[in-house]
Each structure stands twice: as structure tokens, then as C-alpha cells.
Amino acid sequence: MAAAKKTVLGPLIGAIDQGTSSTRFLVFNSKTSELLSHHQFELKQKFPKEGWVEQDPKEILLSVYECVEKTCEKLIQLNVDISNIKAIGVSNQRETTVIWDKFTGEPLYNAVVWLDLRTQSTVETLSKRIPGNNNFVKSKTGLPLSTYFSAVKLHWLLENVRKVKKAVEEQRALFGTIDSWLIWNLTGGTTGGVHCTDVTNASRTMLFNIHSLEWDPELCEFFDVPMEILPDVRSSSEIYGLMKSGSLEGVPLSGCLGDQSAALVGQMCFQEGQAKNTYGTGCFLLCNTGPKCVFSEHGLLTTVAYKLGRDKPVCYALEGSVAIAGAVVRWLKDNLGIIKTVPEIEKLAEEAGTSYGCYFVPAFSGLYAPYWEPSARGIICGLTQFTNKQHIAFAALEAVCFQTREILDAMNKDCGMPLTHLQADGGMTTNRILMQLQADILYIPVVKPSMPETTALGAAMAAGYAEGVGVWSLEPEDLSVVTMERFEPQINAEESEIRYATWKKAVQKSMGWVTSQTPLLGDSNIFCSIPLGFYIVSSMVMLIGARYISGIP
């Protein structure tokens, strides 16, 4: 019998989308932006101590290999010729820090995830060394000194992990964010792997000068980081190396963008003033500010948006970062057990239709933009005996929307041109209740693409556009028209403002829970140190959770 005829398609581009909670490999048609197939692998997070968040770098790497192979198998079953895959782009969780041995390829410690809080005392110590009249860290990097960024994580590893310290002394250590770890391994690892990163990921380390686009010796000295362990910095769209194994051996890796920059590209926000908000583990609103750095006066970050080619100009962005968005839904599932699967939250919230005066501030890792307040912790307030799990589910979704409103307000003040609509993407945008709530709370329309995989799409676009690949045009007239779904506000402006003002009161109550004197869980004096409000709120939450887990109405 004759073999089945292969489906003929235009050049295809693959995208590795390595996020905090999962890894995916997706394949797009470069002429139509159509998603042909993908495979996803759920990742584990480790919480070895209170506030610590880690992942296994080897699990992340193996998940990439598995996703690539499984996607190729699916394409073959669809009679798609995988030799049509001309390039691969990488999009990754940013700031997460890995150090490995360049001779053995073994990680020297778990990856320290962007959400990790172990470096708070490091931040406090380093802050005292920055002159009050010359914050050279912020002026060079666009970032506030925070546990969020890679430099303080790297500083902690160098100070506290003997294996890391020894490897650095013996000149065996390499540092990278997740993109560097993946590219090094995929291009050969110990046998010629390319140790590089791109400007978007470098700009999140706090070691990179966003004006000169180079590692900064003064910053490296300040954080006690040896420059020889840092990767080469490249543009976001160029050939870094070739895949050295697997079904796609020989295919160039030619695109690299931190996940939020990838989403900005995937949403085609190439014009100054265009903005997008990504709803994932966290929530990230980016506004393209073009070729100039705009420094925020309202708690936002200045960051590199993209540089699409070695000889292409760099574009910058203002960014508002929310630590906990989709992570709050996972918390309701994994910690409280009031939902069994993530999609269930939409049904619960729909049943409630309101939070019934319940407000949730999920400051599990402190508050990021616009506050940058590490002392904050999560609270649920406004509870009554009538409050049930449906109301808490609704309040959790509202919390994501209120946090976005705070960032949008700050961005409107910094840019001076209020957004007339918000472009949304990310896994949470499949939740229609969330999208409607967001439109109501912002009181502007929210639009989301019918194909939500804009982060992976952005990485694919950068890879396909690279010199030497050249199968993806970024000319405005060639960009595919994306079908959008639109959510209009359905409440009046006064109600929106009242709900938002009440949320702001709750945020103020979440601050100041943790100080440098506050003991960790397990300390014998803990009951003397934690405010009574904590016990009232947490007891109510545990009571509600226990009632509903046991089936008591």
C-alpha cells in the first residue's frame, strides 16, 4: 500500500514555551500564524522552607525534550512533514536562576524561582549600600532592588551553597536564566553548547545596563558576581546554534525572548503606546515605549521589550508585575482543596455572581508593582458566616482584576495617555468570568485573541524572522489578522470605583505583616509575634475549607 501523502504546508516554526507551571512545545505555520500542534508537560515546584520556591533544572530540560518529541509524533500522525520546521524559538519564565557545572552539565543547585523570598535579608543589607542621592542600580537597570530579580538570587547562591562557591573558584560554574540553561543544553551542552542569553532576559537580572546593553562591571561588583560566569548577550532574533539531538536535530535555535516580551511580540504591539496584559502564574502588563527608556514615578519597571536582530534597534517597555494571579487558583486547589481542577473556579464564581463583600489580597510573595512591599502577606477579609467557597472563588478572580487595575492606573499616569482598551492573553483568559470582571473593574473593553498562545507565537515570530531563516515577515502589511473576542463593561462606573476603593483598603491591611524580626514557622515564639488578625482570618478560611471539603453545606 502506498504511504500516506504528507500534508504540504508553508515553512513551520517551533516554539519552546517554558513557564513556571508547565513546559510546552508548539508548532506554527509561518504564513498564517496557525497553531498546528503542541504538547504540554506539567512541572513540580518545591517549597523546602517558608518563602522558598525551587524547581529541578533537569526536570525542566527533560520536559522540553519530551514536549518536542511528542509534538513531532502528533504532527507525523497529521501527515505533516516535520522537516518543514525551519527554526525554533525559546520563551521562558524570567528571573529564575540556575548555576551549573560546564564540564559535567550537572546543576549545582535547584533553580531558584522568580517568586522565591529567601533573599529578603540580602535585599535589606544591599539596600543600605546604595547612596540615597545616587541609586545607580535603578538608573542602570530600570529595576528596584527586590527579591524578584536574578542578581540577589545569584548573590545568595554564591554566599550560601558550598558547591556553587567551589565551582566558581575552580572556574567550572556557568550562570543563566532558564533560556540560557535550555539553549546551552540543546546546542550540545558539555560538547560545545552555546552559553548565551538575549537582551530581554539579561535586563531582568539586575546585572545588565539597559542603556549600553552590556553586563555592567559596577553592578557585578556590587552584587559580588564574577563576570566570567555570565552568558554572552545576544539579540532576541538571530541564530544561536543548532539542535544537537532528537527529531529536530540540525534545526536552528534562532529566537529568544523572556515570556512577557514574547507575549508583547505575539500580540503584535510593535507601536509605541501599545500594551498587553498576560494572565499566567503572575500577571504582567507591558506597554511599548519605543526606542526610549521611560522611567516610572509610580512603581513600574523599565525593561527591554525586544531587539529583533543584531543590527536592529532596541525597544523598551514599561512593565507592571503582579506576583500572584493564576497561582491563587492553584492555591485554592492545592492548599484549601475547594476545587479539584483549575477550570472549576469559573463555575464556582459564576454560581456566586458576587464576592458578597469578601476581598482577597493574595500577597503570598509580598506585593510587587506598584507597591514593592515585601512585608505584605495574603489576607481574606470581609468574611461573615454567610461567606462560602463560591464567594472566595469570586474574590480570588476579582483580586487578579484589581491588581491589574492598580498597574493600569500607574501606567496611565506614567505614559500620560490612558489606554482605551486592554489586550489580554495567557492561560487564564479562557475564563470568561475573569475577562468580564476585568472589563468591569477597568471600565474599558478587554479584548483577547481567539488563539491565546501569544507567548509561544512571539517566540516563533522572532525565530522565523532571524537572519539566515527569514521565513516570517514582520512588516505590518504581512502580519496575520488575529480574530479578537471583546468584553465590554457591564456595570456602572460608580459601582466599579466603590469596589476598587474597598479593595485598596484591603491592600493596606495586608502590609506590614512580616518584619526582619518575624520568626519563621516552627519558631517557639511564633504565637507571640503574629497579629491576632492572622488567626481570625486563617481560622475562618480553615473552617470554610473544612466544611466544604467534608460536604457540610
*Gln171 atom CD, neighbour heavy-atom count above 12 within 6.0 Å*: no

_Lys333 NZ: over 12 foreign heavy atoms closer than 6.0 Å_ = yes

[Y]/[X] salt bridge by N-O under 4.0 Å criterion:
X: Lys163; Y: Glu106; value: no
X: Glu319; Y: Arg94; value: yes
X: Lys58; Y: Asp56; value: no
X: Lys312; Y: Glu467; value: no

Any non-hydrogen side-chain atom of [X] less than 4.5 Å from a side-chain atom of [Y]?
X: Trp184; Y: Thr190; answer: yes
X: Cys256; Y: Asn201; answer: yes
X: Gln93; Y: Gln55; answer: yes

Check [X] against [Y] and note the closest heavy-atom contact, atom names and distance.
X: Asp179; Y: Asp198; result: OD2-N, 3.8 Å
X: Ala456; Y: Leu26; result: CB-CD1, 3.4 Å
X: Ala463; Y: Gly89; result: CB-N, 3.5 Å
X: Gly14; Y: Ile85; result: N-CG2, 4.0 Å

*Okay, side chain of Ser237, backbone of Leu308: is any donor-acceptor separation there less than 3.5 Å?*
no

_Check: Pro343 main-chain N/O paired with Glu346 side-chain donor or acceptor under 3.5 Å_ = no

*Could you label the plane-to-plane angle of the Phe364 and Trp331 rings as parallel, tilted or perpendicular, counting under 30° as parallel and over 60° as perpendicular?*
tilted

*What distance separates Thr454 OG1 from Lys448 NZ, expressed to the nearest 0.5 Å?*
10.5 Å

_To the nearest 0.5 Å, what is the distance between CD on Gln45 and CG on Asn110?_
12.0 Å

_From Glu42, Glu66, Glu453, residue fulfilling salt bridge (Lys or Arg N to Asp or Glu O under 4.0 Å) relative to Arg24_ = Glu453

